[in-house]
Amino acid sequence: MDEKHLRSVDTNAPPQNEVADPADLPDRSDTPLSGSRRMFLGTVSSVAVAAATVGGIGLEPLLGGNYSIARAEQNGGLTGTARADESQEIRINAANRERAVRIPNHPTNGDQIRYPDQANTYTKCLPHDNFGRVDLNAFATLVHALNTGEHEEFEKIIMGGTRTLNGPQGGFAFDLEGTDAYQFGFPLVPPAPSLASDLNAAELLEHYWASLLRDVPFAQYASNPVAIAAAAETSRIPVYQGPRDSSGQVTPDFLFRGAFPGETLGPYISQFFITPTSLGQQPISQQQLTYLPNIDYMTDFGSWLDVQNGIDTGLRNQSDPQMRFAHDGRGIAAWTHTDVLYQAYFVAFLVLNTLRAPLNPGNPYIGSITENGFGTFGGPDFAGTLTEMATRALKAVWYQKWQVHLRARPEATGGLVHLIKTGQADKTDGKLSNIILNSHGLQQSFNKYGTWLLSQAFPEGCPTHPSYPTGHGTVGGACITVLKFFFDGNFVIPNPVVPTDDGLSLVPYTGSDAGQLTVNGELNKLGHNVSFGHGIHAGIHWRTDTDVSLKLGEAVALSVLHDRAQTYNEKFTVHLTKFDGTTATISNQ
C-alpha cells in the first residue's frame with residue numbers, strides 16, 4: 001500500500017519517537033538566500049546609471065526592452081536562467097526544511113476499539129438501527145475507503161440516506177507551501193476526550209446549558225437565572241476548561257468564552273464582529289440575518305434517528321426578517337451556518353483598515369519616505385495571504401478529522417444520553433459519566449423539551465464530517481495568525497461598542513476595561529465567537545474541538561509564513577503573539 005494512504009486511526013499506541021509542535025522547526029529563522037537579485041541595480045553598468053541620472057533618462061528602456069535582457073545577463077543581473085535558478089533554490093530549501101519536521105504520532109482516544117458498536121465514532125449518514133447503532137458492514141466500507149485512500153472506494157461507501165459525506169478525501173491532498181498535513185500531530189493535536197471521561201461529560205453539559213440560553217442576549221447573562229445556574233454548576237466541575245475568575249469560579253459573563261489572552265475582557269462579542277466597515281466603496285454595517293427564536297430541532301427520537309441516517313427531514317430554519325447585530329447564541333450560530341470559512345477574518349481585515357490600525361512594527365516599509373508596501377507587505381498581500389491560508393488549514397484539519405480521530409458529534413452523544421435515561425442502556429456499548437447523567441443542566445433541558453436529546457439550532461444538525469478538530473476553528477487560527485503578522489496586535493481598539501439587547505443598534509461600551517481591548521485580544525475572541533457559534537451555541541462541536549483547532553491553524557499559518565519569508569525581497573523580522581501568549585518570530589534576515 002502506498003505510504004501516503006496509510007491511516008493511523010486505531011493505532012492508539014504510545015509515542016514511538018520524540019515529537020514537537022510542527023510550528024517549532026529547527027533553524028526556522030532561515031538564513032538569507034545565496035542569490036544576488038537584491039544587488040540587481042548594482043549590476044547595471046555605471047555608465048548607464050550615470051546617463052540615466054544626468055540626462056534624466058528613465059531606466060525602463062535599459063531594463064524593459066528585448067535587448068535589455070541580454071545586456072543585463074552580460075552584466076551579472078538576476079534575469080532569465082539566474083532568476084529561475086534562485087526560484088528553484090527557494091522551493092528546494094523550503095521543501096527540505098519542511099521535510100526536516102519530525103514525524104509526529106497520531107494517537108486516538110481508543111474509543112473506536114473500546115466500543116464494538118462504535119458508540120463514540122462518527123457514523124452520521126451511514127445506516128443505523130432503531131436504537132441509533134451504526135450498521136457495522138456500512139461502517140466497514142467507510143473505514144476501508146479511508147485506509148486505501150482510493151477515490152473509487154469512497155464511491156462504494158454504504159449510505160443511509162441522501163446526504164453525502166463532506167470531503168473525506170480532503171486530508172489526502174498535498175500542498176506546496178507550509179508543513180504537510182500529516183506532520184501536524186501529537187502533542188499539538190492530542191487524543192480527543194474519551195466518551196466515558198468526566199471532561200467529555202463536562203463539555204456535553206456545556207452544550208445543554210448553551211441550548212437553554214440560545215435566545216438570551218449575552219449582555220443579560222449576568223442577571224439571567226439560567227445563566228447564573230449554568231455558571232454555578234459548571235464552577236463545581238474541576239475538569240471544565242473554560243475561563244474562571246480569580247476565585248476559581250465560572251461567572252455568568254465567562255460562560256462560553258475562550259481562555260486565550262484578552263478574551264474575558266469587554267463584551268462577549270468581538271469588536272471585529274460588529275464594527276461597521278466597508279469593502280472599498282461598499283458599506284458593510286455588520287448587521288446580519290438570523291433565525292427566529294425558540295425554534296429548535298431534533299428533540300424527538302424519530303427525527304434524531306432520521307438525521308443520523310442522513311435523511312432530509314424536510315425542515316428548514318425560519319429566518320428573522322429583521323437584520324440584527326450579533327448579540328445572542330442563535331445569532332452567531334445562524335451566521336456560521338452559511339458563512340464563507342474565512343469571512344469573519346476578511347471582514348476583520350477591513351475593520352482594521354477602517355480603524356486605521358497600525359501595521360506590525362516589523363513591517364519593512366514603516367518609516368520609509370520613498371515607498372510603501374503593495375503586492376508585498378501592503379493591502380493586496382494582506383488580503384491575498386489571508387484568504388489563501390484557509391485551504392491550507394482545511395487540509396490539515398481534514399486529515400485529523402477523517403484519518404485519525406473520527407470523533408462523534410454532540411448530537412450523537414445526546415442520543416446515548418437518551419438511551420441511558422430512558423432505561424435502554426443495554427442498547428448501547430457506550431458509557432457516560434454521572435457529571436452529565438445527574439446534572440441540573442440536563443434536567444432543565446428535559447423540563448423544557450420533554451426529551452433527553454440535545455436540541456439543535458439547525459434541522460439537519462451537524463455537518464456531515466467528524467467533529468474533532470473543527471474546520472471553522474482551524475481556518476480561524478490560521479487567519480488570525482496572518483492578521484497578527486501584518487498588524488500591530490498591541491493596538492488598543494478605539495471607541496468600543498456593544499449591541500443592544502435586541503441587536504438593532506450599537507451603543508458605546510463603557511465598562512471599566514474599555515481601554516484594554518487590543519487587536520490581539522479581540523482577534524482571539526473572534527476566533528472563539530465564530531467557532532463556538534458554530535459549535536457550542538449551535539450544538540454541533542465540542543469545546544476541545546475549538547481550542548485544539550485554533551492552535552492547529554496557528555501552527556499551519558506559521559509554517560507557511562516561515563516558508564514565504566524567503567520569497568520577499570524586503571528584509572524583515574516580524575514578531576507576533578501566539579494564542580498561548582508566547583512570541584513567534586518570522587524573519588528572512
Side-chain angles (χ1 to χ4, degrees), residues 201-259 263-269 290-299 320 324-334 410 414 417 421 434-457 498-504 507 509-513 525 528-529 532-533 535-539 543:
E203 292 192 37
L204 186 59
L205 175 59
E206 185 174 36
H207 275 91
Y208 278 95
W209 280 118
S211 72
L212 294 169
L213 290 164
R214 202 167 274 150
D215 296 303
V216 176
F218 297 123
Q220 293 183 8
Y221 274 19
S223 59
N224 182 272
V226 177
I228 292 171
E233 182 167 51
T234 306
S235 293
R236 296 192 292 270
I237 303 175
V239 297
Y240 175 70
Q241 295 188 342
R244 299 173 186 260
D245 65 13
S246 58
S247 300
Q249 300 299 301
V250 179
T251 68
D253 279 339
F254 281 8
L255 288 172
F256 319 129
R257 292 203 190 212
E263 292 202 59
T264 57
L265 299 174
Y268 181 90
I269 292 290
T290 186
Y291 299 138
L292 291 175
N294 300 310
I295 303 176
D296 298 305
Y297 302 93
M298 294 171 57
T299 56
D320 183 346
R324 302 177 191 272
F325 290 100
H327 68 288
D328 61 13
R330 192 177 301 276
I332 56 175
V417 172
K421 296 292 284 186
N434 285 332
I435 283 179
I436 181 61
L437 295 176
N438 297 335
S439 67
H440 181 52
L442 177 61
Q443 184 64 53
Q444 287 273 72
S445 179
F446 180 83
N447 294 346
K448 177 176 180 178
Y449 296 108
T451 179
W452 303 107
L453 296 166
L454 174 63
S455 80
Q456 298 286 296
V498 62
T500 54
D501 286 352
D502 57 10
L504 295 180
V507 295
Y509 174 68
T510 57
S512 60
D513 54 6
K525 187 186 294 181
H528 272 108
N529 281 171
F532 281 172
I536 293 175
H537 294 292
R543 173 178 282 271

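Only heavy atoms go into these numbers, but all of them, side chains included; no hydrogens, no water, no symmetry mates.
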Q: Would you please classify the geometry between the Tyr268 ring and the Phe218 ring as parallel, tilted or perpendicular, with 30° and 60° separating the classes?
A: parallel
Q | Positive for side-chain hydrogen bond (donor to acceptor under 3.5 Å, both in side chains) with Arg330, one of Asn294, Asp320, Asp215, Thr290 | A | Asp215
Q. From Thr264 OG1 over to Asp253 CG, what is the distance, rounded to the nearest 0.5 angstrom?
A. 10.0 Å
Q: Taking side-chain hydrogen bond (donor to acceptor under 3.5 Å, both in side chains) as the test, write out the residues that go with Asn447, two or more places apart.
A: Gln443
Q. What are the two closest non-hydrogen atoms of Ala202 and Ile435, and how far apart are they?
A. N-CG2, 4.1 Å
Q | Side chains of Leu453 and Met298 in contact at under 4.5 Å (non-hydrogen atoms) | A | no
(Q) Which residue is it: Gln241, Glu203, Glu206? I am looking for the one with a side-chain hydrogen bond (donor to acceptor under 3.5 Å, both in side chains) to Arg543. (A) Glu206
Q: Please report the shortest heavy-atom distance between Ile269 and Lys525, naming the atom on each side.
A: C-CD, 3.9 Å
Q | Point-to-point distance, once rounded to the nearest 0.5 Å, from CG of Leu212 to CD of Gln444 | A | 6.5 Å
Q: Could you label the plane-to-plane angle of the His528 and Phe532 rings as parallel, tilted or perpendicular, counting under 30° as parallel and over 60° as perpendicular?
A: tilted
Q) Can you tell me if Tyr240 and Thr234 form a side-chain donor-acceptor pair at under 3.5 Å? A) no
Q: Check Pro217 against Asp501 and note the closest heavy-atom contact, atom names and distance.
A: CG-O, 3.3 Å
Q: Find the distance between CG (Leu213) and OH (Tyr221) and round it off to the nearest 0.5 Å.
A: 4.5 Å
**Q.** Inter-residue atom distance Leu454.CG - Tyr449.OH, 0.5 Å rounding
**A.** 8.5 Å
**Q.** Nearest heavy-atom neighbours spanning Arg236 and Ala232
**A.** NH1-O, 3.3 Å
(Q) Main chain of Gly441, side chain of Ser445: is a donor-acceptor contact present, judged purely on distance under 3.5 Å? (A) no
Q.
Using a 3.5 Å distance criterion without hydrogens, assess whether the side chain of Glu233 forms a donor-acceptor pair with backbone atoms of His440.
A. yes
**Q.** Main-chain N/O of Val216 paired with Asp328 side-chain donor or acceptor, under 3.5 Å
**A.** no
Q.
Quick one about Thr500 and Asp502 (side-chain donor to acceptor, distance below 3.5 Å, no hydrogens or angles considered), yes or no?
A. yes
Q) CG of Leu442 to CD1 of Ile436: how many Å apart, nearest 0.5 Å? A) 5.0 Å
Q. How close do Gly414 and Tyr208 get, heavy atom to heavy atom, and via which atoms?
A. CA-OH, 3.7 Å
Q.
Please find the pair of heavy atoms, one from Val250 and one from Pro243, that lie closest to each other, and give the distance.
A. CG2-O, 4.0 Å
Q: Would you confirm whether Gln456, through its side chain, and Tyr297, through its main-chain N or O, come within 3.5 Å as a donor-acceptor pair?
A: no
(Q) Main chain of Glu263, side chain of Arg257: is a donor-acceptor contact present, judged purely on distance under 3.5 Å? (A) yes
Q. NZ/Lys448 to OG/Ser455 distance, rounded to the nearest 0.5 angstrom?
A. 6.5 Å
